[in-house]
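In what follows, a structure is listed as structure tokens, so that the remarks can point back to it.
Each chain gets a letter, A, B and so on, in the order its sequence line appears, and its residues count up from 1. Bear in mind that the values here come from a model prediction, so they are computed numbers and not experimental data.
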2 protein chains.
Amino acid sequence: MTTSDAVDKRPDDQVTDAGAEQPAEPPQAEPTPAKPGYVQPAIDVTALTELLDGKYAEVRNLVRQNMVEEKQILLDEETMSTDDFRDRVRDVVVKMASTGQTGMGFPTEYGGGGDIGGSVAAFETLAYGDLSVLVKVGVQFGLFGGAILQLGTKAHHDAYLHDLITGKLMGCFAMTETGHGSNVQALGTTATYDAATGEFVITTPDDASRKDYIGNAAAHADVAVVFAQLDIDGEGRGVHAFVVPLRADGEVLPGVRIEDCGPKMGLNGVDNGRIWFDGVRIPRANLLNQFADVTEDGAYESTIDNANRRFFTMLGTLVQGRVCVGGAGINAAKVALVIATRYANVRRQFEATSEDQEELLLDYGMHQRRLLPRIARTYALHFAQEHVAAALHDVFSGLTTDEQDRRQLEARAAGTKVLGTWHATDTIQECREACGGAGYLSANRFAALKADTDVFTTFEGDNHVLLQLVAKGLLTDYSSEFEDMDQFGMVKFVAGLAVGTVLERTSAHKLFQAIKDVLPGGDQWDQEAGLLDPAYQQAMLRFREEHMLAGVARRLKRGIDSGMNPGEVFSRVQDHVIGAARAHVERMVLDSFIDKVSALPDGDLKVALNLLCDLHALSTIEADRAWFMEHGRLSSARSKAISREINDLCRKIRPLAGDFVDAWGVPVEMLRSEELIG
Amino acid sequence: MTTSDAVDKRPDDQVTDAGAEQPAEPPQAEPTPAKPGYVQPAIDVTALTELLDGKYAEVRNLVRQNMVEEKQILLDEETMSTDDFRDRVRDVVVKMASTGQTGMGFPTEYGGGGDIGGSVAAFETLAYGDLSVLVKVGVQFGLFGGAILQLGTKAHHDAYLHDLITGKLMGCFAMTETGHGSNVQALGTTATYDAATGEFVITTPDDASRKDYIGNAAAHADVAVVFAQLDIDGEGRGVHAFVVPLRADGEVLPGVRIEDCGPKMGLNGVDNGRIWFDGVRIPRANLLNQFADVTEDGAYESTIDNANRRFFTMLGTLVQGRVCVGGAGINAAKVALVIATRYANVRRQFEATSEDQEELLLDYGMHQRRLLPRIARTYALHFAQEHVAAALHDVFSGLTTDEQDRRQLEARAAGTKVLGTWHATDTIQECREACGGAGYLSANRFAALKADTDVFTTFEGDNHVLLQLVAKGLLTDYSSEFEDMDQFGMVKFVAGLAVGTVLERTSAHKLFQAIKDVLPGGDQWDQEAGLLDPAYQQAMLRFREEHMLAGVARRLKRGIDSGMNPGEVFSRVQDHVIGAARAHVERMVLDSFIDKVSALPDGDLKVALNLLCDLHALSTIEADRAWFMEHGRLSSARSKAISREINDLCRKIRPLAGDFVDAWGVPVEMLRSEELIG
């Protein structure tokens, strides 16, 4: 008698249900698992590209064409001196500006394209190419241009927009300081109003308050939008934005000191610098006065009474930057996946199924596991990004004026940025490793992709801080007090008035009722619904989100009720706060994918995208299956069945992998990697 | 009635046991969780450094001193041209060689230090500094020198060792080809014996067979150890190593063509190149003939009959490279953690516990979660590395001659390399993000750390391939057939004879018996033992390892029995193979940590390290808690208790974090980051 026989005789021994028995997956002799009735779909790559490019196909193709014309810049990055490369990047940006590509989001009367959605599409697409160009575009047209447009009024638009759209006037966005990056409400730079001369005096009180990491500052900017604490007659009015000249004819102006930030991990085509102001005087008109103004005699005026809310309203108008960075992260991940997938489709290593020929990497189960769920997630994020870009377009084109929509946009933009940029970091790393030592050579693109995208996770908002912002919106139900709260206030708010509302909204009872309406199985829906039923997948993620959120609200309340310091309560609950926010965003991303696919007409494309959508949904559940088991929503048997289903989906998707990545339309010139993928 | 009341009335509803109720963690008003009787230990940093440096403190301090003297090289990396920096790195390497630091592992009669353990310690410590220097040292003394020492015989030692130890003779290790990195048995370069002249003719038959990514090749190497398929009279004898001159007086020799690999993601102080051989003739004596020889008239002789085994025996002698890379990864992670921890101890952001002062980053629960388990894991890996380095020393110093020991060393070296290098990639990334935008500046070290260490995960063996090697050893029980098997053979072997043995060895019955002997609770040990009982922690990891291994064996057997192609079987089981290997290595790492701590005398240091060891053990279980739940070893309540315990441990360790990272003794000059950490 073998030992395994002995074990099998212990019926209560859960040990044997693991590797030992797997009736659901009988081994098959065929190379692909052709279950009866399953027909492998064929992908029309052109049609899929059209679907992905959507309504902005034209502008995306313009960008593709522009970047192919400038393909040399991918090599220049390796060979030029830093100074030369910075100038080269600026020249490319200005040249691209002349095609209309970078000014899509500005009003037509100043030479812009008048299409905010188009401007996001253009920016995202630029992420297929050199990322210094992308970030320089972001600094000039997104941050600097966006601040002038959104925080300024007609006089500022008339004065600056035309020249900044052409790139004749270069500017920077001087918000971050050495001492404050995430907590920008606590900036140290001051702008003191001098009523005698009608000027603001801009001052850097200490080194912690110098402006830091400011793109365009070290070499190219003529002016800066400077965020500073407005002081009138000794009274602090909070952070406001001012236009401050930095250079004339390329020379730094008196009272301004600029230092180069020096070499960076990547993006060395962008001239980041530090700026100190020593009592620099600017006219009163240089206050960007969309939300607040100072009269000549020094009276402060604003349509928004509360200082916190005013500040967050100002910040809220700059949300496009986050939308753009998220999209850029997703598209940079695509470049890595195209290279790694094509490589895995031609590279052979080790004899496996044949004694004569080595095996293609992509025929290894583990390699499929490494690449295919990441392709699926990239599709999911692509559609989520399409959703957030459309919402941005609607809000900022005035197609919707609902305040709730605006706040939800801010939360969605933050969340998509977080997932998109972490996805880029993770995917580029995995793809590099999947290309072995060859992936380490600069000629094969991963070096630049990895180094340049690294900062995405912390700029335009540190990802953890952004997830807290998402959680704040959820916990306060985007209430009107939303913008009026710092972290401190949020804890107290949630622990106080809001907790009842949150618990009511997230109640298991309501949730179950909603789920029962769409899923079979009644109370047993989570055990009886099919794993590939999108309603099941959505219900699982919805359940997790609501449950986590309720847990956070309860924990905050309990901590406050027990007399604990709100900061200490927050610190202890912080991992749950972050977890709930992440769960929320994951659910929205899946919803976007499912909505997109379900709206497609029947046919091979729908079948193929459904495979990918299932792979994404189940991979997302699998990644957090511990949580689902801990909370009674997943039996151990079903959890294992999900892992098997994922492997099965990988085998089905494997022959389609090349088409899926080709459909992204990354120009071959942007891939380089000649020796890897031919 | 609130909805939560309604929910609470459903006693079977597991939903409510989550966020809702957490009796084990009552909120407390104190900033640190001082449970009754708990006394916070104080750390004697010097004593801890002594413990960590161990018996090789002297050589480690020599390296620290040498790198501080050469600290300028960290700046040179940013400012010099590639050519100049390569020369600078070579000069530093040669200078360090003159101190005895790099020759520790060679026999004293040739000017070496005669201490293999010391040579690993020296190499590891070098990872605190510039990593081009580290890798250049690895290429010259580890790979090139190691090949001469291990594969050559006295004539080769006499001819080369003295000069290579001083750096007068520079060499490279030409194994990898463009077409073959992992599967080196299938290399394409040929060495054909010409009995008429008594020479070998070295030829690169096609571009896929060119030597690629070869360190020292592009600029500095005088000679190469070339791995090529030995051909005698048309009969292939497998891969052997030959000394082939590349340059004389700096000029590349006739018949040899060398191309620069060009810019890389990092390590640009190392001159990687590609080499083609066009019928290069070398004397018969240039065959490194430790394991096989060719007589003058062309007879092939070897003490090892089987070609596969001969090849793997040769490779096995080169295991020191893997040990060294693993140690380097662990030490590079330390540098990142020192910077991020010190930063989190001085950087404040957002008011949290106080309305007047912003909070230190390290007082945020999430920030503790990001850094402290990684510090704990670094300690665990440090002690695991100490263990494998000691085993290497014993085997290669002839202190043990047991074949089983040698094979276990190979598996352990592979496994530690895998975990150590992935840990470096993960930790450096997390630490960079934890330092925000500042972490992106080259002056703050992460740029070089990240770029330079990236390749560690795929060189000296791709991590996934290495884990397969570990699994092979486990599945075949390090049997004598071990070295005689490729992947193909392993599948068949395991499915055939070995499966009974594996199942016997890994039987749940035996395992439970062993566990019962050390843990209370009988069959309920996994529910009744204390979470902080090391025997419980070890039993959990042991259970996972054995169970996964048995699952792999059964799956392989079932696939083969059903008539499936062995390669297809392997592909489908590959994720389980990788998982089992990883579980094995994780268990060994934890054992090393527990063994080390339990051997300490009672006192604060032991108390402090026990906290860290608990944090590591529970974090490791938490990371795979889904598996433990799936396999009946963890209830959902206990799983959640583990997460709470981890948060509690983090709060206890938080005040000690600075001491824990300082004890690694990274010279402050190697940290740079003046603006981050003062």
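- Chain B forms more heavy-atom pairs under 4.5 Å with one residue of A:Gln429, A:Arg348, A:Arg369, A:Gln368 than with any other, namely A:Gln429.
- In this structure, A:Thr353 and B:Asn565 approach most closely via the heavy-atom pair O-ND2, 2.7 Å.
- For A:Leu441, the parts lying under 4.5 angstrom from a heavy atom of chain B are both the backbone and the side chain.
- Of the two parts of A:Ser81, neither the backbone nor the side chain holds a non-hydrogen atom closer than 4.5 Å to a non-hydrogen atom of chain B.
- Using a 4.5 Å cut-off between heavy atoms, A:Glu78 contacts chain B through its side chain alone, with no backbone atom that close.
- Checking each of A:Arg625, A:Arg638, A:Lys640 against B:Glu630 for a side chain to side chain donor-acceptor pair (under 3.5 Å) leaves exactly one that passes, namely A:Arg625.
- Contact annotation for A:Arg432: only side-chain heavy atoms (C-beta onward) come within less than 4.5 Å of a heavy atom of chain B.
- The candidate with the highest count of non-hydrogen atom pairs below 4.5 Å against chain B, out of A:Ile578, A:Thr458, A:Asn183, is A:Asn183.
- Among all heavy-atom pairs drawn from B:Gly365 and A:Ser571, the shortest one is N-OG, 2.8 Å.
- In this structure, chain B has a heavy atom under 4.5 Å from the backbone of A:Asp363, while its side chain stays farther away.
- Between B:Met265 atom CE and A:Arg445 atom CZ the span is 11.5 Å, to the nearest 0.5 Å.
- Heavy atoms of A:Asp462 lying under 4.5 Å from chain B belong exclusively to its side chain.
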*Would A:Phe459 and B:Tyr440 satisfy side chain to side chain contact (heavy atoms under 4.5 Å, CB included), going step by step from the backbone distance to the final call?*
CA-CA 10 Å; A:Phe459 80 10; B:Tyr440 197 61; over 6 Å; no
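- Counting heavy-atom pairs under 4.5 Å between each of A:Ser635, A:Ser442, A:Ala447, A:Ala443 and chain B puts A:Ser442 at the top.
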*Please test A:Gln574 against B:His367 for side chain to side chain donor-acceptor pair (under 3.5 Å), starting from the C-alpha separation and ending with a verdict.*
CA-CA 9 Å; A:Gln574 195 181 15; B:His367 215 81; over 6 Å; no
_For B:His464 and A:Glu433: C-alpha separation, side-chain torsions, deciding distance, then whether side chain to side chain donor-acceptor pair (under 3.5 Å) applies._
CA-CA 10 Å; B:His464 287 97; A:Glu433 292 184 34; 5.5 Å; no
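- A:Gln349 places a side-chain N or O within donor-acceptor distance of the main-chain N or O of B:Ser182, the cut-off being under 3.5 Å.
- Counting heavy-atom pairs closer than 4.5 Å to chain B, the top residue among A:Asp207, A:Asp212, A:Leu267 is A:Leu267.
- Looking at A:Val465, only its side chain comes within 4.5 Å of chain B, counting heavy atoms on both sides.
- Interface remark: A:Tyr213 contributes side-chain atoms only to the contact with chain B (heavy atom separation under 4.5 Å).
- In this structure, chain B has heavy atoms under 4.5 Å from both the backbone and the side chain of A:Phe446.
- Note that CZ of A:Phe628 and CE of B:Met629 are 11.5 Å apart. Values are rounded to the nearest 0.5 Å.
- Interface remark: A:Glu359 contributes no atoms to any contact with chain B (heavy atom separation under 4.5 Å).
- One finds the CD atom of A:Glu675 at 9.0 Å from the SG atom of B:Cys261 (value rounded to the nearest 0.5 Å).
- Listed for the B:Ser636 side chain is no donor-acceptor partner under 3.5 Å among the backbone atoms of A:His631.
- Looking at A:Ala451, the atoms closer than 4.5 Å to chain B (heavy atoms on both sides) all sit in the backbone: N, CA, C or O.
- Contacts between A:Leu634 and chain B at a heavy-atom distance below 4.5 Å are absent for every atom of the residue.
- For A:Glu622, no part lies near chain B; criterion is any non-hydrogen pair under 4.5 Å.
- Using a 4.5 Å cut-off between heavy atoms, B:Arg347 touches chain A through its side chain atoms alone.
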